[in-house]
Amino acid sequence: MSNHLTVLFFATLKDRAGGRQASIDLAAGATVRDLRAALGRQFPALTPLLPSALVAVNRQYAFDDDVLPPQAEVALFPPVSGG
Amino acid sequence: MLSREEILRYSRHLLIPEVGLQGQQKLKSAAILIVGTGGLGSPAALYLAAAGVGRLGLVDFDVVDQTNLQRQIIHGASTVGKLKVESARQRLLDLNAGVQVTIYNEPFTSQNARRIAEGYDLIIDGSDNFPTRYLTNDLCVLTGKPNVYGSIFRFDGQVSVFDARCGPCYRCLFPEPPPPGLVPSCAEGGVLGILPGTIGTLQATEALKLILGIGEPLIGKLLLYNALDMSFDFVRLKKNPKCKICGDQPEITDLVDYFEFCGVPGLVHDAELAGADWDITPAELANLIKDGASPCLLDVREPHELEISALAEAKLIPLGQLAGRLAELDSAQDLVVFCKGGTRSARALELLRSAGFRKARNLRGGINAWAKEIDPNLPIY
C-alpha cells in the first residue's frame, strides 16, 4: 500500500523545486518527517530549506510526527523575513 | 472624550456601528508599537495614525536612502539621509497631529526590548530579519501581548496574529531560525514595491480589530498571499505542545539574541560571515589589475542583474548553481568573487573555501562598491 500525495511549493521553494507542484509516493503510515526526507531525495536543491519549511496537510499545519492521510494535499512554505 | 474636531475627523468611523464613538475612544486610548519603519511599518503606521490610534511607537535604527522610496511610502525624497524614525514621525504628525509618536532610534535587542515595549497594547512586527522576528515573538509571549506578524519576499507575503495566551506563536510554526544565507533578504532578492503595502495594511487592519475587539482576528491562522496569482491561502495553525517558549515545558524563559547566526542587515558586517581576511577592497583589486595580475572574476549574481551593471571580464555562475559548477573553476588561480553588495559572494566564498579554493577572495561591498570607488560609469542599485 502506498500513499500518493500532491505537493505544492510556495515562494522560494517553487523556484528551487523548478515547479509549483509535484507528485510523490510514500509508504502508508509515512509521517511529515518521512515526506521531508523523500522531498530532499527527489529535489536536492530543496534540502537546505526543508528543515525550516512549514508543512500544511489539507490546509492544516502539520508537525513532523503527524501521519500523512491518504491522498493528502500537502503545501510547503518557506519562512520569509523581508519587511 | 472626543473633541468636536475629533468627531469631525473620525466621522466615517463614527458612522460604522462596529466602531462608533466608543470604538474611536478605544483607538484614542490605545498604544501600538511598530518594529521597523520600512516597507511594512510605513503603511501600518500611516493608517493607524490616520485611524486615530492615540500613541504609536516606532523602532528603527536605519537612515532613509534612495532604494527605500520604491516601497517605504512614509518616507520621501526630502527625508533621504534622515533617521527613519524622525522621517516617519514628521510624516505621521503632518497626517494627524493628535497622535503621540514616540521614537526609538536603536536596534531592537534583548537588552532594550522590554523597556521599549512597556506600556504598549500590542506589537506590529514589520522587521526585515529573522533575529528581530524571533525577539519580537519571544517578547510578546513573555509579556502577554499580541504579535501582529507580517513578512514579505518578492511577490509573497505572510500575515498572522500570534497570541500565545490563546493560540500558537511564531516559534510554534518555525521552531528555529533557518541557517544564515538560505533565505534571501529583500536587499538581496528584491521585492515588489506594492507588496509591503498590501501586507502592512493587513497588519494594520488586524491591529485595529484587536483594539476594537471586533471581527475574527487571524489568531491560529496564517494568511499566505501571492501577488502574481492574486491568491490568498489560509493554513490553520496549531499550538505546538513542544514549543520552546509557549509549550508545555518551555526552555526559553528570557529574551535571546540570534545576531550571531542570522546576520542582521546593518548590524553585522557581511564580511564577518566569511572572515575579513578573505576580503579584497575595490581599490586593492584595481591595483592588482593595474599591476598586470589577472585574477578570475566570478560574478555570483542572477543573470538579469547583468543588464543593470556588469564587469566585462567576469564569469557568471549564480550562487544557487555554484555548488554544482565548481569544476568550471581553477582552484590554483587567484579568484575574486562578487555580487551586488557582498552578501551572496560571502556565502559563495564559504562554499569555495570549503571546497579547497584557497586563493579565493570576496570583493568587499560588491559591484556597487566598485561602481562607487572605481568605475563611476556603473550605476549603483
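Quick note on labels: first sequence line is chain A, next is B, and so on, each numbered from 1. Note: hydrogens, waters and symmetry copies are ignored here, and every other heavy atom, side chains too, is used.
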Between [X] and [Y], is any side-chain donor less than 3.5 angstrom from a side-chain acceptor?
X: Asp25(A); Y: His4(A); answer: yes
X: Asp156(B); Y: Asn226(B); answer: yes
X: Asn129(B); Y: Ser127(B); answer: no
X: Gln249(B); Y: Lys242(B); answer: no

Identify which part of [X] has an atom lying under 4.5 Å from any heavy atom of chain A, answering side chain, backbone, both or neither.
X: Lys221(B); result: neither
X: Asn240(B); result: both
X: Ile199(B); result: neither
X: Phe234(B); result: backbone
X: Val191(B); result: neither
X: Tyr149(B); result: side chain
X: Leu228(B); result: neither

Check: [Y] and [X] side chains under 4.5 Å, non-hydrogen atoms:
X: Arg171(B); Y: Asp138(B); answer: yes
X: Leu26(A); Y: Thr31(A); answer: no
X: Val64(B); Y: Leu69(B); answer: yes
X: Tyr61(A); Y: Phe63(A); answer: yes
X: Gln158(B); Y: Leu223(B); answer: no
X: Phe10(A); Y: Arg20(A); answer: no

(message) Between Leu224(B), Leu237(B), Asp233(B), who has the most heavy-atom pairs with chain A when the cutoff is under 4.5 Å?
(response) Leu224(B)
(request) Spell out the residues in residues 65-83 of chain A that have some non-hydrogen atom less than 4.5 Å away from a non-hydrogen atom of chain B, in order of number; otherwise answer 'none'. (result) Asp65(A), Asp66(A), Phe77(A), Pro78(A), Pro79(A), Val80(A), Ser81(A), Gly82(A), Gly83(A)
(message) I need the contact set between residues 33-48 of chain B and chain A: heavy-atom distance under 4.5 Å, sorted by residue number.
(response) Gly38(B), Gly39(B), Leu40(B)
(message) In this structure, is the centre-to-centre distance between the rings of Tyr104(B) and Phe61(B) below 6.0 Å?
(response) no
(request) Check for a donor-acceptor pair, side chain of Asn137(B) on one end and backbone N or O of Tyr170(B) on the other, with a separation under 3.5 Å. (result) yes
(request) Over all heavy atoms of both residues, which pair between Leu319(B) and Arg347(B) is shortest? Give the atoms and the distance, please. (result) CD2-CB, 4.0 Å
